[in-house]
Amino acid sequence: MAYHPRSDFLRVMFERGFVADCTDYQALDEALLNAVVPAYIGYDATAASLHVGHLVNIMVLRWLQKTGHKPITLMGGGTTKVGDPSFRSDERPLLTPAKIDENIAGLKQVFAKYLQYGDGPGDAIMLNNAEWLDGLNYLDFLRDIGRHFSVNRMLSFESVKSRLDREQSLSFLEFNYMILQAYDFLEINRRYGCLLQMGGSDQWGNIVNGVDLTRRVIDREVYGLTTPLLTTSDGRKMGKSASGAVWLDGDMLSSYEFWQFWRNTTDDDVGRFLKIFTELPVEECDRLGALQGAEINEAKVTLANLATALLHGPEAAAAAEATAREVFERGGIGEDLPTVTLRPEELAGGLGIVQLFVRAGLAASGKDAKRLIAEGGARMNDEIVTDAGLRLGAGELADPVKLTAGRKRHALVVLG
């Protein structure tokens, strides 16, 4: 894209690699130059926590606020009852209203780490689309809103088309999702003057629908901006680790495990991830990303420290680094390692080493743990485990036991 933005926000977006597409770069740039622009990103409450894959757009909201504009975090209390079908092969499980509210409470805690909420012009606000969706009259909604949507056009969107091309069922409930999301943009513009919706590039069709609907119904110009769907240099989707999702909730994933995820970044991704997931100046991100050999490892530590400090605080980042250095450089047992606490009654007949690796989150399944052992990648107290049938009793666990998968993932097993 040859466009050279003048507004601080769009300039940061381009420089740091956040831009995939925009409905109108120049008009959005002018709006950002002329006034405080309210902008939103929507999050359905399908889980109790967001994960690392969501961090791209959380950082976009953070930069929006840092450059003088107003972030809006929209909780999908209403749309979660339908479920976004975008690029899914099957329908999402439907959640109860109580579970949706519980999940939203968890998500709020994460956003508060990155954004400043309040009543000021640039303070973030949090909305819930159940506020306007729950009370809709179906016939009025069809007549006033549904008439602006072409089914032919809706079928052409890639998120729907890919599902139909694979001959996988798309329920009428899911088909309505894009209409509801478009209506969100219209309502947030009406109520809060919101001019911009942002999201991942998989949301492009839904965002364009909202831009078109707002123009058709109330004749206002609004804009859409998408971020690239981020993958690692080896093609893996962001947000997953060998042992599962990298959650942003400290109760679901420890600050040490979060730190370790970033420390394990592949060499080719360091510079790019520093630009996206930290606030380090772009020139320094490029310098660190270009390092080679052992020096790139210190760049990874910088990435891990800065990303962890934003979410869990500087003290947690420092503690995680100290634990990692204790474990890696001195072969010790760091105090901050993820810990599995076993009850004595669980050890009556001995507990299998395979099960322990799964319980510690170092293997995704028993099969995965057995393969790890067979390949020589499993260690107990720094000694290679060779017997997948090994069982541990209370005697072996009288002192804490350190489990290691590969070279970089560790956990402690203790008796409670």
Side-chain angles (χ1 to χ4, degrees), residues 38-62 65 70-86 88 90-119 123-138 140-141 145 171-192 194 197-200 202-203 206-207 210 239 244-254 258 311-312:
Y40 88 97
I41 297 177
Y43 298 86
D44 280 345
T46 53
S49 171
L50 300 172
H51 58 68
V52 162
H54 294 105
L55 257 187
V56 176
N57 284 316
I58 293 175
M59 291 301 292
V60 167
L61 289 172
R62 183 174 171 87
Q65 188 167 50
K70 188 177 187 69
I72 299 173
T73 44
L74 177 66
M75 299 292 97
T79 43
T80 304
K81 296 171 184 174
V82 175
D84 185 0
S86 296
R88 288 181 59 87
D90 54 6
E91 189 171 350
R92 292 182 186 273
L94 296 181
L95 304 180
T96 65
K99 183 61 179 173
I100 291 171
D101 289 343
E102 181 184 324
N103 287 348
I104 287 175
L107 304 190
K108 285 180 178 179
Q109 297 177 33
V110 171
F111 288 111
K113 306 285 183 65
Y114 293 89
L115 302 172
Q116 178 180 319
Y117 287 87
D119 300 322
D123 286 341
I125 58 173
M126 182 171 285
L127 308 176
N128 186 336
N129 62 16
E131 182 183 338
W132 51 84
L133 294 182
D134 279 3
L136 284 177
N137 178 292
Y138 186 59
D140 288 346
F141 185 72
I145 303 301
S171 71
F172 181 68
L173 178 69
E174 294 175 285
F175 195 57
N176 275 271
Y177 184 91
M178 64 179 75
I179 301 178
L180 295 176
Q181 184 172 325
Y183 185 69
D184 281 344
F185 201 172
L186 171 64
E187 277 299 312
I188 300 173
N189 178 271
R190 276 174 168 162
R191 297 171 183 229
Y192 301 94
C194 181
Q197 182 185 358
M198 302 180 291
D202 61 333
Q203 294 297 313
N206 291 335
I207 290 173
V246 182
W247 300 110
L248 303 184
D249 186 324
D251 292 333
M252 296 174 68
L253 188 85
S254 71
F258 185 78
L311 178 62
H312 294 292

Inset, instruction - Show your reasoning for whether side chain to side chain contact (heavy atoms under 4.5 Å, CB included) applies to Gln203 and Gln197. - result: CA-CA 10 Å; Gln203 294 297 313; Gln197 182 185 358; 5.7 Å; no

Inset, instruction - Applying ring pair (Phe, Tyr, Trp, His ring centres under 6.0 Å), run through Tyr192 and Tyr40 and close with a yes or a no. - result: CA-CA 11 Å; Tyr192 301 94; Tyr40 88 97; over 10 Å; no

Legend entry - Stepwise side chain to side chain contact (heavy atoms under 4.5 Å, CB included) test for Phe258 and Val246: CA-CA 7 Å; Phe258 185 78; Val246 182; 4.0 Å; yes

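One distance of note links CG of Leu61 with NZ of Lys70; it measures 12.5 Å at 0.5 Å rounding. Atoms NZ and CG, from Lys113 and Asp249 in turn, are 7.5 Å apart once rounded to the nearest 0.5 Å. Atom-to-atom distance recorded for Tyr114:OH and Arg62:CZ is 8.5 Å, nearest 0.5 angstrom. Once rounded to the nearest 0.5 Å, the distance linking CG of Asn176 with CD of Gln181 reads 13.0 Å. One distance of note links CD1 of Ile145 with CG of Leu186; it measures 5.5 Å at 0.5 Å rounding. In this structure, OG1 on Thr73 lies 8.0 Å from CD1 on Ile125, to the nearest 0.5 angstrom.
Under the ring pair (Phe, Tyr, Trp, His ring centres under 6.0 Å) criterion, Phe111 pairs with Tyr43, sequence neighbours left out. Every residue two or more places apart in sequence or in another chain that forms a ring pair (Phe, Tyr, Trp, His ring centres under 6.0 Å) with Phe141 is listed here: Tyr183.
Among Leu248, Val52, Ile41, the single residue meeting the side-chain contact (heavy atoms from CB on, under 4.5 Å) criterion with Ile58 is Leu248.
The shortest heavy-atom contact between Ile207 and Met198 is CD1-C, 4.0 Å. Of all non-hydrogen atoms in Leu115 and Ala124, the two that sit nearest each other are CB-CB, 4.1 Å. Residues Trp132 and Leu136 approach most closely at O-CG, 3.5 Å, considering heavy atoms.
Annotation for Lys108: atom NZ does not count as buried by contact number, only 12 or fewer foreign heavy atoms lying within 6.0 Å.
A donor-acceptor distance shorter than 3.5 angstrom exists from the side chain of Asn189 to the backbone of Cys194, with no hydrogens or angles considered. Thr80 places a side-chain N or O within donor-acceptor distance of the main-chain N or O of Ala45, the cut-off being under 3.5 Å. The closest donor-acceptor contact from the side chain of Asn57 to the backbone of Val60 lies at 3.5 Å or more, if one exists at all. The closest donor-acceptor contact from the side chain of Asp44 to the backbone of Thr46 lies at 3.5 Å or more, if one exists at all. With hydrogens and angles ignored, the 3.5 Å screen pairs no side-chain donor or acceptor of Asn129 with any backbone N or O of Asp184. Within the 3.5 Å criterion, the main-chain N or O of Gln116 finds a donor-acceptor partner in the side chain of Gln65. Not one N or O on the side chain of Asp123 forms a donor-acceptor pair closer than 3.5 Å with the backbone of Tyr117.
Between Ile104 and Ile100 there is a side-chain heavy-atom pair separated by less than 4.5 Å.
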